[in-house]
Amino acid sequence: MVGERVDAQGRCCDEAWALYQTVRFQPIQPLNRFKRGAIISLCVPAGVIQSTVRTKFTIRRHIALLRLGRFQFQLLYGGNELMTYRELSACVKCSINEAYELSRFFNQNAFYWLERGRLFLCSTDQKKVLKLPLDSTNYFINIKLPERNDAIL
């Protein structure tokens with residue numbers, strides 16, 4: 001786990017940025033592959049791990065807001081390769097501008113942008129964008145989820 005995920009000005013720090021590049025995604029149900037859209041965490045705002053109760057509240061709130069905004073989305077986990085650290089996330093069919101707005105509104109440091117089979121890591125403050133080296137399908141896994149989840153206190 002990363003100690004500080006933002007610097008003193010609230011920007012995504014280099015340690016967190018490096019960690020975000022190792023992401024894997026575990027779909028909860030078969031994923032409709034949107035040609036364009038964003039994968040945004042629904043929990044762990046500003047990189048701060050919360051209690052189970054607070055995490056559930058945050059997730060429910062963000063899902064309600066996506067529904068209210070009439071966004072098409074599917075749930076999946078974003079985490080490490082073994083999924084011992086995983087965050088419930090949404091794959092949202094939206095424009096890149098809407099992705100930045102949602103990511104800021106959900107108080108996230110970064111989000112993933114899918115376009116034409118490629119995956120990009122975008123900092124919410126729009127200071128960094130990185131095309132990840134592999135085709136987007138290489139970042140999706142299908143494993144049995146462990147009971148342990150280090151993303152929740």
Side-chain angles (χ1 to χ4, degrees), residues 1-7 10-67 71-94 99-100 102-115 117-125 128-153:
M1 184 182 108
V2 174
E4 282 296 316
R5 294 191 182 200
V6 293
D7 64 15
R11 295 181 301 231
C12 184
C13 71
D14 289 337
E15 186 180 356
W17 188 253
L19 183 66
Y20 296 155
Q21 294 174 49
T22 66
V23 73
R24 293 297 180 266
F25 298 105
Q26 168 83 33
I28 293 174
Q29 59 195 28
L31 198 59
N32 293 331
R33 301 288 173 145
F34 299 132
K35 291 184 187 201
R36 292 182 54 195
I39 299 174
I40 305 172
S41 176
L42 300 174
C43 54
V44 191
V48 178
I49 295 174
Q50 301 176 319
S51 69
T52 301
V53 171
R54 187 71 189 156
T55 297
K56 287 179 180 180
F57 171 80
T58 302
I59 289 169
R60 282 194 294 270
R61 179 177 175 263
H62 291 161
I63 289 173
L65 291 169
L66 287 171
R67 288 182 175 141
F71 287 100
Q72 292 180 40
F73 67 95
Q74 288 186 269
L75 299 177
L76 68 162
Y77 289 106
N80 63 14
E81 211 165 338
L82 298 175
M83 288 287 144
T84 53
Y85 180 97
R86 61 186 178 276
E87 298 177 11
L88 188 62
S89 302
C91 183
V92 184
K93 186 175 182 180
C94 63
Y100 278 109
L102 286 169
S103 186
R104 276 191 294 274
F105 193 76
F106 292 174
N107 200 18
Q108 295 300 314
N109 297 325
F111 65 92
Y112 299 89
W113 179 252
L114 290 162
E115 185 160 352
R118 301 302 301 183
L119 190 63
F120 299 83
L121 174 56
C122 305
S123 66
T124 301
D125 64 8
K128 298 180 185 178
V129 175
L130 175 69
K131 182 171 123 181
L132 296 179
L134 304 173
D135 180 77
S136 64
T137 57
N138 291 296
Y139 294 94
F140 289 86
I141 60 175
N142 187 11
I143 64 171
K144 182 179 183 314
L145 293 176
E147 287 185 32
R148 183 177 118 212
N149 184 359
D150 294 335
I152 300 173
L153 290 177

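All heavy atoms count here, side chains included; hydrogens, waters and symmetry mates do not. Residues take their numbers from the sequence shown, with the count starting at 1.
Within the model, atoms OH of Tyr77 and CG of Leu88 stand 5.5 Å from one another, a figure rounded to the nearest 0.5 Å. Rounded to the nearest 0.5 Å, atoms CG (Leu82) and CG (Leu145) are 11.0 Å apart. We find the CD-CD1 distance between Glu87 and Ile49 to be 8.0 Å, quoted to the nearest 0.5 Å. For the atom pair Met83 CE and Ile141 CD1, the distance stands at 4.0 Å (nearest 0.5 Å). Atoms CG and OG, from Leu76 and Ser89 in turn, are 5.5 Å apart once rounded to the nearest 0.5 Å. Here the CZ atom belonging to Arg118 is positioned 4.5 Å from the NZ atom belonging to Lys131, to the nearest 0.5 angstrom.
No side-chain heavy atom of Asn138 sits less than 4.5 Å from a side-chain heavy atom of Leu132. Residues Leu19 and Tyr85 are not in side-chain contact: their nearest non-hydrogen atoms beyond the backbone lie 4.5 Å or more apart. You'll find the side chain of Ile40 stays beyond 4.5 Å of the side chain of His62, heavy atoms only. Looking at heavy atoms from C-beta onward, Ile39 lies in side-chain contact with Leu114 at the 4.5 angstrom threshold. Within the 4.5 Å cutoff, the side chain of Val129 has no heavy atoms near those of the Trp113 side chain. A heavy-atom distance below 4.5 Å is found between the side chains of Asn142 and Gln26.
With sequence neighbours excluded, the residues satisfying side chain to side chain contact (heavy atoms under 4.5 Å, CB included) with Arg148 are Thr84, Asp150. By the side chain to side chain contact (heavy atoms under 4.5 Å, CB included) test, Phe71 pairs with Leu66, Val92, Cys94, Glu98, Leu102, sequence neighbours left out. Checked against side chain to side chain contact (heavy atoms under 4.5 Å, CB included), Ile63 has the following partners two or more places apart in sequence or in another chain: Leu42, Ile59, Arg67, Phe73, Leu75. Taking Ser103 as the reference, Gln108, Phe111, Thr124 meet the side chain to side chain contact (heavy atoms under 4.5 Å, CB included) condition, with sequence neighbours excluded. Listed by chain and residue number, nothing satisfies the side-chain hydrogen bond (donor to acceptor under 3.5 Å, both in side chains) test with Gln21 (two or more places apart in sequence, or in another chain).
Remark: aromatic rings of Phe25 and Tyr112 are close, center separation under 6.0 Å.
Under the 3.5 Å distance criterion, the side-chain polar atoms of Arg54 are left unmatched by any main-chain donor or acceptor of Ser51.
Sorted pairs that involve residues 36-56 and meet ring-ring contact (aromatic ring centres under 6.0 Å, His included), not counting sequence neighbours, are lacking altogether.
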